[in-house]
Amino acid sequence: MYADNWALRAKEKGYRSRAVFKLEEIFAKFSIPKKLTIVLDLGAAPGGWSQYVKEYAENPKVFAIDLLNMKPINGVKFFQTDIQDLEMIGPIMQNKGHTSLVISDLAPNLSGIVAVDVANIFELNMMTLKTASDFLEKSGILIVKTFQNENLKIFKKEMENVFKIVQTHKPAASKKQSQEIYLIGQKLHE
Ligand SMILES: C[S@@+](CC[C@H](N)C(=O)[O-])C[C@H]1O[C@@H](n2cnc3c(N)ncnc32)[C@H](O)[C@@H]1O
């Protein structure tokens, strides 16, 4: 399917972003369970992934954060904050250790200076991984967007230090020319 057709399909289905179809494919490919108690959506705006999780899972509690504001979604608790400041959000901190799934589509604003962008992506990825290891229950799952650059191997290794299973996936809805790729981590090491 052409890239624009994904956007059209998202509009038809009432989704706020074409990114929904990437998550849909990952959920299907990795058999993500429908029984998700608490889900944390990092970099959630405009809200496509949160919408999809609400639809997919059986009555999950979804917590979403973003630097940007996001229009409300029924059943999603949204907090406008930087991922660095999660510690200040009491209702989110209560979920430490018993979150079933962390999804992160976080992407920095690109500066155009490759070295700076690569470093910013790595920093966001590492913050996501730390958040996932703090919040997930032992059987928890992390789905995180990263990019195919010189840090990919290093980040995958960092994920392997936290999760027993780490897999990589490039969804069909992800533009071919885009360097983005998703890592899926399952089951925390004891
Ligand atoms: C690709 S968009 C997410 C799209 C979303 N998954 C959807 O389906 O609608 C990436 C988001 O990450 C957010 N972001 C980037 N850096 C962030 C940070 N440090 N803390 C919180 N959000 C951040 C951006 O504001 C942006 O809205």
Side-chain angles (χ1 to χ4, degrees), residues 3-28 30 32 36 39-57 60 62-89 91-93 95 99 101-113 116-132 134-135 141-149 151 155 169-175 177-184:
D4 286 350
N5 290 347
W6 292 108
L8 202 67
R9 215 176 122 196
K11 207 171 168 194
E12 278 167 9
K13 294 196 156 202
Y15 292 133
R16 295 180 185 181
S17 70
R18 61 195 291 290
V20 163
F21 301 113
K22 303 174 199 171
L23 194 66
E24 182 183 44
E25 186 180 316
I26 293 169
F27 274 22
F30 295 93
I32 302 301
L36 298 168
V39 178
L40 182 56
D41 184 0
L42 306 173
W49 279 21
S50 283
Q51 282 180 300
Y52 185 70
V53 168
K54 278 300 294 176
E55 197 179 288
Y56 177 90
V62 182
F63 293 80
I65 70 133
D66 203 290
L67 281 174
L68 303 176
N69 202 2
M70 184 172 106
K71 279 198 230 139
I73 298 172
N74 207 2
V76 175
K77 291 203 169 95
F78 173 70
F79 300 88
Q80 186 172 3
T81 185
D82 193 305
I83 186 183
Q84 293 187 71
D85 302 327
L86 269 194
E87 296 276 332
M88 320 232 254
I89 316 285
I92 290 196
M93 295 315 281
N95 300 324
T99 298
L101 173 69
V102 173
I103 50 180
S104 168
D105 204 17
L106 282 165
N109 283 329
L110 296 180
S111 70
I113 303 163
V116 172
D117 293 338
V118 166
N120 287 343
I121 289 161
F122 188 69
E123 198 187 345
L124 274 183
N125 283 162
M126 289 304 290
M127 275 194 272
T128 299
L129 182 56
K130 167 82 174 70
T131 305
D134 287 348
F135 279 77
I141 303 167
L142 167 65
I143 298 171
V144 53
K145 175 164 76 184
T146 188
F147 292 84
Q148 298 177 66
N149 59 34
N151 284 337
F155 182 58
H169 187 64
K170 168 94 177 163
S174 175
K175 292 176 182 156
Q177 68 272 28
S178 160
Q179 297 295 299
E180 76 179 7
I181 190 158
Y182 291 81
L183 292 184
I184 298 90

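All values derive from a computational prediction rather than experimental measurement. Throughout, residue positions are numbered sequentially from 1 according to the sequence presented. Just so you know, ligand 1 is whichever comes first in the structure, and atom 1 is the first atom listed for that ligand.
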Open item on the list: Checking F27 now: which residues fulfil ring-ring contact (aromatic ring centres under 6.0 Å, His included) with it, not counting sequence neighbours?
Closed with: Y52, Y56
Open item on the list: I'd like to know if the side chain of Q51 and the backbone of R16 have a donor-acceptor N/O pair within less than 3.5 Å.
Closed with: yes
- [ ] Run through ligand 1 for me and note each protein residue having a heavy atom under 4.0 Å from it, chain first, then residue number.
- [x] S17, A19, G43, A44, A45, P46, G47, G48, W49, D66, L67, L68, T81, D82, I83, D105, L106, A107, L124, K145
Open item on the list: Please verify the inter-ring angle class for F63 with F79; under 30° counts as parallel, over 60° as perpendicular, anything in between as tilted.
Closed with: parallel
Open item on the list: K22 vs E180, test: salt bridge (Lys or Arg N to Asp or Glu O under 4.0 Å). Steps then yes/no.
Closed with: CA-CA 11 Å; K22 303 174 199 171; E180 76 179 7; 2.8 Å; yes
Open item on the list: What I'd like to find out is whether the side chain of Y15 reaches to under 4.5 Å of the side chain of E24, using heavy atoms alone.
Closed with: no
Open item on the list: Does M93 have more than 12 heavy atoms from other residues, nucleotides or ligands lying within 6.0 Å of its CE?
Closed with: yes
